[in-house]
Amino acid sequence: MNFRYLPVTDEDKDAMLKTIGVDDIKDLFEDIPESIRFNEDLKLPEPLSEPKLVDELQRWSERNIHLKKNISFLGAGVYNHYIPSVVDHVIRRSEFYTAYTPYQPEISQGELQAIFEFQTMICELTGMEVANSSMYDGHTALSEAAIMAVNQSKMKRMKIVVSEGVHPESMAVLNTYAKGLNLTVRSVPLLHGTTGLRRLADEIDENTAGVIVQYPNFYGSIEYLHDIKKMIHQQNALFIVSSNPLSLGILTPPGECGADVVVGDVQSLGIPMQFGGPHCGYFATTKQLMRKVPGRLVGQTKDADGRRGFVLTLQTREQHIRRAKATSNICSNQALNALAATVTMSALGKQGIREMAFQNVKRANYLKNKLEKKGIEIVNTTPIFNEFVIQLNQSIDKINCNLYKKGIIGGYDLSNIHDRFYGQMLICVTELITRSEMDRFVKELEVLLCRKNSL
């Protein structure tokens, strides 16, 4: 039995081709040179009925590694955190799920208010005065902050100084931006886990538009923002901080440490890991820099009858009146994911976010101390949030393969970044990891190391 579910018949196709005046579907591609067309047979299997296709896709999906069957200590920018069940119920409402950019405030009050609340909560977390309606992801937000720093100097300063503690993927995006604008990007190495202050001071000069630091940094250590701020502002450069927003539930907000711009990704607040995306970046700054912010800002106002309402206050992108004077070519925000983060923050509340952040610190340090007692070297010598680096002096790839056989997803292999990190694993612990799971991880790791040493 074969159940059809695609409604286009051969007769339908012929009718459509006749309507547009061509004899064959290949005629639609005649403007594409023959030399660059893919003319080989794709060798696709025979079509399946809908039930059989669903069964086949289900079998394929079950081959995925997922956290319902595995314990995960993998972070490195994408984290497994608690997501309140109310999040899905809200974001799946049709007025949010299918909504596009709210150009018309008279019919988009719900969407505009949701974005306004997102901006407000981001400002409270970061200690900044203004936040935009969101960005594609944290890496994009960081690069846009660098461009804003250059624009603020009216293109007189063309140098961006970046700590090596910034996420490598953020660095890759920044370097792509910089190439097109002829910017100079200088990297400052870490010293004992945090940005080397002497080297940083040597790099900052009168041509420096901005300095970027991650807090906590990619390797898990918490940077000393107050010390960094002083040397940056002495040269009148902008201090840009990339930060995990959940960590700000317990750490001092960058705004209170003198940051001019705070960016990051809200994935840790209500957005599933889902194969690494999509995510949602945030961008917060001071009122002084408000008109330089990329993207959109939603503001609160009153209608003709004095009732509270919301509008798009600023739209500094190229598609509007700014055109060539636009601050950025960012054309959209991540409203649905921003809504998920907003619902998460609302459901948890201030105390809930603080408690969630505290549990990350507490559990990460429990595992860190447990590993240290087993004689495993801890690379981080400074305070951490929920990630830290261990030195195992052997292939992390092989260790992770063996851990996976035991139902454990190991930490990130830092040799993927550079050969000098061979044998180093970046471990992440969130509030969802239990003590028994951490004890099991330590035990399995100890067995693997003893087996290797006995050989």
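Below, each value reflects all heavy atoms present in this structure, side chains not excepted, and no hydrogens, waters or symmetry copies.
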Rounded distance (nearest 0.5 Å) linking atom [atom1] of [X] with atom [atom2] of [Y]:
{"X": "Phe73", "Y": "Leu403", "atom1": "CZ", "atom2": "CG", "result": "9.0 Å"}
{"X": "Asn365", "Y": "Ile384", "atom1": "CG", "atom2": "CD1", "result": "4.5 Å"}
{"X": "Leu348", "Y": "Tyr82", "atom1": "CG", "atom2": "OH", "result": "6.5 Å"}
{"X": "Glu437", "Y": "Leu432", "atom1": "CD", "atom2": "CG", "result": "9.0 Å"}
{"X": "Gln152", "Y": "Arg291", "atom1": "CD", "atom2": "CZ", "result": "13.5 Å"}
{"X": "Ile417", "Y": "Gln424", "atom1": "CD1", "atom2": "CD", "result": "9.5 Å"}

Considering only heavy atoms from C-beta outward, does the side chain of [X] approach that of [Y] to under 4.5 Å?
{"X": "Thr344", "Y": "Pro84", "result": "yes"}
{"X": "Asn64", "Y": "Phe275", "result": "yes"}
{"X": "Leu225", "Y": "Pro254", "result": "yes"}
{"X": "Met438", "Y": "Lys370", "result": "no"}
{"X": "Ser346", "Y": "Glu117", "result": "no"}
{"X": "Pro245", "Y": "Met121", "result": "no"}
{"X": "Arg296", "Y": "Leu314", "result": "no"}
{"X": "Ser163", "Y": "Phe218", "result": "no"}

Do you know which two heavy atoms are closest between [X] and [Y], and how far apart they sit?
{"X": "Gly165", "Y": "Leu190", "answer": "N-CD2, 3.5 Å"}
{"X": "Gln274", "Y": "Ile271", "answer": "NE2-CG2, 3.5 Å"}
{"X": "Ile250", "Y": "Val361", "answer": "CG2-CG2, 4.3 Å"}
{"X": "Gly276", "Y": "Val78", "answer": "CA-CG2, 4.4 Å"}
{"X": "Met148", "Y": "Val261", "answer": "CE-CG2, 3.4 Å"}
{"X": "Gln119", "Y": "Asn132", "answer": "CG-O, 3.3 Å"}

Say whether, by atom type as modelled, one donor and one acceptor occur between the side chain of [X] and the main chain of [Y] under 3.5 angstrom.
{"X": "Ser72", "Y": "Leu67", "value": "no"}
{"X": "Asp303", "Y": "Gly309", "value": "no"}
{"X": "Lys159", "Y": "Glu203", "value": "yes"}
{"X": "Asn400", "Y": "Ile409", "value": "no"}
{"X": "Ser133", "Y": "Ile115", "value": "no"}
{"X": "Arg157", "Y": "Thr208", "value": "yes"}
{"X": "Asn217", "Y": "Val213", "value": "no"}
{"X": "Thr382", "Y": "Ser221", "value": "no"}
{"X": "Ser143", "Y": "Leu174", "value": "yes"}
{"X": "Tyr282", "Y": "Ser134", "value": "no"}

Quiz prompt | Residues Leu336, Tyr97; criterion side-chain contact (heavy atoms from CB on, under 4.5 Å); working and verdict | solution = CA-CA 7 Å; Leu336 192 66; Tyr97 202 70; 3.8 Å; yes
So, using side-chain contact (heavy atoms from CB on, under 4.5 Å) as the criterion, who are the partners of [X] when residues are at least two apart?
{"X": "Arg93", "result": "Glu95, Phe96"}
{"X": "Arg198", "result": "none"}
{"X": "Arg92", "result": "Asp88"}

Quiz item: Can you name the residues that form a side chain to side chain donor-acceptor pair (under 3.5 Å) with Glu124, not counting sequence neighbours?
Solution: none
Exercise. Go through the steps for Tyr177 and Leu183 under the test side-chain contact (heavy atoms from CB on, under 4.5 Å), then give the verdict.
Key: CA-CA 8 Å; Tyr177 271 63; Leu183 304 183; over 6 Å; no
Quiz prompt | Flag if over 12 foreign heavy atoms under 6.0 Å of CD, Gln300 | solution =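 Yes, enclosed.
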Practice problem: Look at atom CD of Gln351 and say whether more than 12 heavy atoms of other residues, nucleotides or ligands are closer to it than 6.0 Å. | Solution: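 Counting neighbours around CD of Gln351, 12 or fewer heavy atoms of other residues, nucleotides or ligands fall under 6.0 Å, so no.
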Quiz prompt | Parallel, tilted or perpendicular: ring planes of His418 versus Phe421, cut at 30 and 60 degrees | solution = perpendicular
Quiz item: Any idea how Phe116 and Phe310 line up, ring-wise: parallel (<30°), tilted (30 to 60°), or perpendicular (>60°)?
Solution: tilted
Self-check item: Ile390 and Ile427: CA distance, side-chain angles, deciding distance, side-chain contact (heavy atoms from CB on, under 4.5 Å) verdict
Solution: CA-CA 8 Å; Ile390 60 174; Ile427 294 175; 3.4 Å; yes
If you measure only the distance, is there a donor-acceptor pair under 3.5 Å linking the side chains of [X] and [Y]?
{"X": "Ser415", "Y": "Asp413", "value": "yes"}
{"X": "Thr140", "Y": "Asp137", "value": "yes"}
{"X": "Tyr366", "Y": "Asp439", "value": "yes"}
{"X": "Glu223", "Y": "Thr195", "value": "yes"}
{"X": "Glu144", "Y": "Tyr136", "value": "no"}

Quiz prompt | Test side chain to side chain contact (heavy atoms under 4.5 Å, CB included) applied to Ile433 and Asn360, Asn80, Ile71, the passing residue | solution =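 Testing each of Asn360, Asn80, Ile71 against Ile433, the sole residue satisfying side chain to side chain contact (heavy atoms under 4.5 Å, CB included) is Ile71.
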Exercise. Take Tyr215 and Leu248 through the side-chain contact (heavy atoms from CB on, under 4.5 Å) test and state the conclusion after the steps.
Key: CA-CA 9 Å; Tyr215 169 81; Leu248 303 182; 3.8 Å; yes
Quiz prompt | salt bridge (Lys or Arg N to Asp or Glu O under 4.0 Å) partner of Glu164, chosen from Arg199, Arg186, Arg420 | solution = Arg420
Quiz item: Pairs in or reaching into residues 232-249: which pass side-chain hydrogen bond (donor to acceptor under 3.5 Å, both in side chains), with residues at least two apart or in two chains?
Solution: His233-Asp260, Asn244-Ser268
Quiz item: Looking at residues at least two apart in the chain, or sitting in another chain, which of them share a ring-ring contact (aromatic ring centres under 6.0 Å, His included) with His279?
Solution: none
